[in-house]
Amino acid sequence: MSDVQIKKFVVTRFDPDKDEVPRTDTFEVPCQSDWMVLDALNFIKDQLDGSLSYRWSCRMAVCGSCGMNVDGAPTLTCKSPLSSYGDTVEVTPLSNFPVIRDLVVELDGFMEKLKAVKPWIIRAKEKAVEEGPYRQSPEELEDFKQFSLCINCMLCYAACPVVGNEPDFIGPAAIALGYRYNLDSRDEGASERNAIFRGEGSVYSCSFANECSEVCPENVDPAAAINQAKLSGLVDWAASLVLPRGGKD
Amino acid sequence: MVETHRHDVVIVGGGAAGLRAAIAAVEADPNITVALVSKVYPMRSHTVSAEGGAAAVTREDDSFEMHGYDTVKGSDFLGDQDVIEYFVEQAPKELTLLEHWGCPWSRNEDGSVATRAFGGMSIKRTWYAADKVGFHMLHALFQHSMRFDRIVRYDEQFVTRLLIDDGQVRGVVALDIRQGTMRAFLGRSVILCTGGGGKIFPFTTNGNIKTGDGMALAYRAGVALKDMEFVQYHPTGLPGTGILITEATRGEGAYLKNKDGERFLVTRDYGVGSKAELGPRDLISRAMVQEFEAGRGFSGSYGEYLHLDLTHLGEEKINQRLPMVRELAKVYGGVDPVYEPIPVRPVVHYMMGGVDTDIDTATQLPGLYAAGETACVSLNGANRLGSNSLTECLVFGARSGEQALQFSKGADDGNERAVRAQAEEEQARIDQLRGKVKGGEKLARLRVDMNKTLESGCGVYRQEDSMQQTVRDIAQIKGRFADLALEDKSKVFNTELVSALELHNMLEIAEVVANSAASRKESRGAHTRRDAPTRDDQNCLYHTLCFFDPAGPRIEKKDVTLGTWVPEERKY
Ligand SMILES: Cc1cc2nc3c(=O)[nH]c(=O)nc-3n(C[C@H](O)[C@H](O)[C@H](O)COP(=O)(O)OP(=O)(O)OC[C@H]3O[C@@H](n4cnc5c(N)ncnc54)[C@H](O)[C@@H]3O)c2cc1C
Ligand code: FES
């Protein structure tokens, strides 16, 4: 196999059955040169301490399970080569979420926010399946494609300074995913969603920090979605003052 | 006390099949609710990793007849032809529904849905969303499912047992992973949509959660597992990790080359004919192993490999059609496929076998249904064609939702007291296993031993003595499982306990794979024996059924449903 290097892993531990506050454990791991951070955690779990808890599945950067803070930065651990870290690596749970145990955080809040932005196609009249697919040009697809690439890994929530202060803020991923439908040529629900974007936890809480787009492992650029949503929310709101409700979005 | 939740239908699994089933059920009746019980949040399900595409007749010059024939031939004539006919006819409708629900399918210039070539498909009929098809399908289904309040999600619940009373399934019991307590999900019918079990092998494209749980649940409840000897090797996995490089690369024109730079599928006779790189997976995987054996592979730190060459496709096409492949090759393979070939080797990918169901997705146990990779409705026979299984999840997921709902309406709630008692029993069993210190066997060790013996006995090429050795090994490892030592006594998010339960399930299905393989005395599709190299329709045109028996797995046979297509030599 490849060269082996011993690295020290300083890992947050927290078990609500036993611990009042989080503590840390340190493990020495013989790391292969092609390993990702996740490989080292799996080594710890298999060989050193079977009680370490964290989530992972696909190990190919698409299921979104394995987000953690590594050396303080929100990181998709299955996609982050150990070669880019030093001899000591600190692994902690994602910030801005309640911790369930060790490196596992509570995601139910996000699931509710996601549902709140109505991430589905809304139409006045749905097309019958017999009529076949909608036509959508490659350019129309391009309009929203990028925002549809979100894997729900939650790194953007961990990085966002606003989420930390305002837990109700809908947050980068959910706004990007809601706004993705606004941009979809098949959808007619923009004004409904814009009203949500303007409401509680609104897009206007965003302070333009852009941290979300910087940590996104899929280059979704949620900050761009938020900015566009702000604008379209405003335009929509202004229009609602002069036009009666119910027009085409 | 085990907490109970009652719904009309209980669905286990939130991948493509489970979500489709849930939507079908609530759409069929505005007054019912379904429980969607899953050990991970639905969008983490391994459907997410599918890259290449989903097949359905789309173009003017295609036909159901052609899709059907390709599938039957791909299955090495072991697919049930009534199932295949139903499948190809439903496929276009199902993919269209996904389109209406927002799936970002790739498009032609005129705005119609684009199709690409896939292995064993005689025409471009595979719909795609770049090379993140499973990801987009899963998220489209999941997000669409959120509009139905009557789909009640129970996330991070690990189902450990089916609840059965009076010969009928009454629900399931699950470990609430976050709290460490047990919950009973009661329903008048249950659908298993728990995916495959590739993790029984050491080198696989499958994620950590693919441990064959649903197959083990059904098997222990007396339902047969069917055709479990047929395990698909995908030709192109990255050495080391086993991460998949999709067949769509070859669909888009990539070449497989040996160390002499030769396109061996073209220059040598491996039975793929003019299909070359677009031959079916079983034939290409075998060809690759033969190249290794002839000394024409490269050798690397993770064993032998060959080259998948995309360099002639050009950066623009690669970026547009295969962006994920480029990213995966760079991050996990250390090469940029725009400039260099990707090292690849055959990798365990998919289980053709599964819970025995009929065309309506019903199992032999009244009230129990199964769909998706965990089921064996006999669409795929001895070898699945790439891009048929995502469509299968939709077609038979929907069918299972409708059928299970029908059953639910005609059934009663059963004896709730008896069922609760079973759930309490299960609670006691789990409590005993948690943090169990007696014995000296380590979880990881047992898993590695299971992985190794399966690869040596049930790999690309098989033979009597090594299969029998694997049968013995697995029985021995199952014995050692009783001496498992666990360290984590905590209730909250005890992933060690979950892994132990998963290993228990994997050992169960590993035993079924090995025993089913040893029982089939011919070569067909993915089951290739060096000591019986030809197909034997005279004696072996049957489905293998494997039943749980305290004395050891019991094998029976079931007829294949033939029809339009008469078995013939499988030549391409
Ligand atoms: C890398 C890769 C690429 C692929 N590419 C393609 C392709 O291009 N085209 C194609 O047609 N097919 C492809 N396939 C195959 C296809 O993706 C799968 O067969 C299909 O997605 C399986 O879906 P499913 O819904 O049956 O199961 P999954 O998506 O695996 O979902 C299983 C669900 O069951 C739940 N579950 C499992 N056990 C339990 C339990 N004990 N308790 C509670 N819940 C449980 C899980 O949480 C999960 O939600 C690919 C497969 C892989 C691995
Ligand atoms: S394990 Fe799936 S994203 Fe990392």
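Here is how names work: the chains are called A, B, and so on, in the same order as the sequence lines, proteins then strands, and each is numbered from 1. Everything numeric in this text was worked out from a predicted model, so none of it was measured.
- With respect to the salt-bridge test (charged N to carboxylate O, under 4.0 angstrom), the residues A:Lys115 and B:Asp149 qualify.
- Under a 3.5 Å cut-off, the side chain of B:His136 and the backbone N or O of B:Val48 do not form any donor-acceptor pair.
- When heavy atoms are compared at a cutoff of 4.5 Å, B:Glu51 approaches chain A solely by way of its side chain, counted from C-beta outward.
- With a 4.5 angstrom heavy-atom cutoff, A:Leu141 touches chain B only via side-chain atoms.
- When heavy atoms are compared at a cutoff of 4.5 Å, A:Leu177 approaches chain B solely by way of its side chain, counted from C-beta outward.
- For a residue to count as touching a neighbouring chain, one of its non-hydrogen atoms must lie under 4.5 Å from one of that chain's; by this rule B:Asn494 touches chain A with backbone and side chain alike.
- Under 3.5 Å, the side chains of B:Lys39 and B:Thr211 contain a donor-acceptor pair of N or O atoms.
- For A:Glu140, no part lies near chain B; criterion is any non-hydrogen pair under 4.5 Å.
- When heavy atoms are compared at a cutoff of 4.5 Å, B:Phe135 approaches chain A solely by way of its side chain, counted from C-beta outward.
- Between chain B and the options A:Asp184, A:Ile151, A:Asn42, the largest number of non-hydrogen pairs under 4.5 Å is found for A:Ile151.
- At distances below 3.5 Å, at least one donor-acceptor pair connects side-chain atoms of B:Thr236 with backbone N or O atoms of B:Ile245.
- With a threshold of 4.5 angstrom between heavy atoms, A:Asp108 approaches chain B through its backbone and through its side chain.
- The contact between B:Asp110 and chain A is made by backbone and side chain atoms together, counting heavy-atom distances below 4.5 Å.
- The candidate with the highest count of non-hydrogen atom pairs below 4.5 Å against chain A, out of B:Leu95, B:Thr47, B:Val498, B:Thr205, is B:Thr205.
- Both the backbone and the side chain of A:Val129 come within contact range of chain B, with heavy atoms under 4.5 Å apart.
- A:Lys79 touches chain B through backbone and side chain together, each having a heavy atom under 4.5 Å away.
- For a residue to count as touching a neighbouring chain, one of its non-hydrogen atoms must lie under 4.5 Å from one of that chain's; by this rule B:Val113 touches chain A with the side chain only.
- Heavy atoms closer than 4.5 Å to chain B are found in both the backbone and the side chain of A:Asp49.
- Both the backbone and the side chain of A:Met111 come within less than 4.5 Å of a heavy atom of chain B.
- Residue with the most contacts toward chain A among B:Met43, B:Arg147, B:Lys442: B:Arg147 (heavy-atom pairs, distance under 4.5 Å).
- No hydrogens or angles considered: a donor-acceptor pair under 3.5 Å links the side chains of B:Tyr302 and A:Asp34.
- With a 4.5 angstrom heavy-atom cutoff, B:Ile243 touches chain A via backbone and side-chain atoms both.
- Using a 3.5 Å distance cut-off with no hydrogens or angles, the side chains of B:Ser499 and A:Lys45 do not pair a donor with an acceptor.
- A:Ser185 and A:Asp143 share no donor-acceptor pair across their side chains, judged by distance under 3.5 Å alone.
- The part of A:Asp17 that comes within reach of chain B is its side chain, from C-beta onward, which places non-hydrogen atoms under 4.5 angstrom from that chain.
- Qualifying ring pair (Phe, Tyr, Trp, His ring centres under 6.0 Å) partners for B:Phe148, counting only residues two or more places apart in sequence or in other chains: B:His144.
- Of the atoms belonging to A:Glu218, it is side-chain heavy atoms, and not backbone ones, that fall under 4.5 Å from chain B.
- With a 4.5 angstrom heavy-atom cutoff, A:Ala128 touches chain B only via backbone atoms.
- Ring orientation note: the planes of A:Phe97 and A:Tyr157 are tilted relative to one another, at an angle of 30° to 60°.
- Counting heavy-atom pairs closer than 4.5 Å to chain A, the top residue among B:Ile209, B:Thr241, B:Val492 is B:Val492.
- Looking at A:Pro133, both its backbone and its side chain come within 4.5 Å of chain B, counting heavy atoms on both sides.
- Of residues 53-62 of chain A, those residues with a non-hydrogen atom less than 4.5 Å from any non-hydrogen atom of chain B are, in numerical order, A:Ser53, A:Tyr54, A:Arg55, A:Trp56, A:Ser57, A:Cys58, A:Arg59, A:Met60, A:Ala61, A:Val62.
- Contacts between A:Cys78 and chain B at a heavy-atom distance below 4.5 Å involve backbone atoms as well as side-chain atoms.
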Steps toward side chain to side chain donor-acceptor pair (under 3.5 Å) verdict (A:Ser51, A:Arg13): CA-CA 10 Å; A:Ser51 70; A:Arg13 305 301 302 269; 3.0 Å; yes
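- Among B:Arg447, B:His139, B:Arg44, B:Glu487, the residue making the largest number of heavy-atom pairs under 4.5 Å with chain A is B:Arg44.
- Most heavy-atom pairs under 4.5 Å with chain A, from the set B:Lys210, B:His100, B:Glu496, B:Glu109: that is B:His100.
- Neither the backbone nor the side chain of B:Arg445 comes within less than 4.5 Å of any heavy atom of chain A.
- Of the atoms belonging to B:Lys132, it is side-chain heavy atoms, and not backbone ones, that fall under 4.5 Å from chain A.
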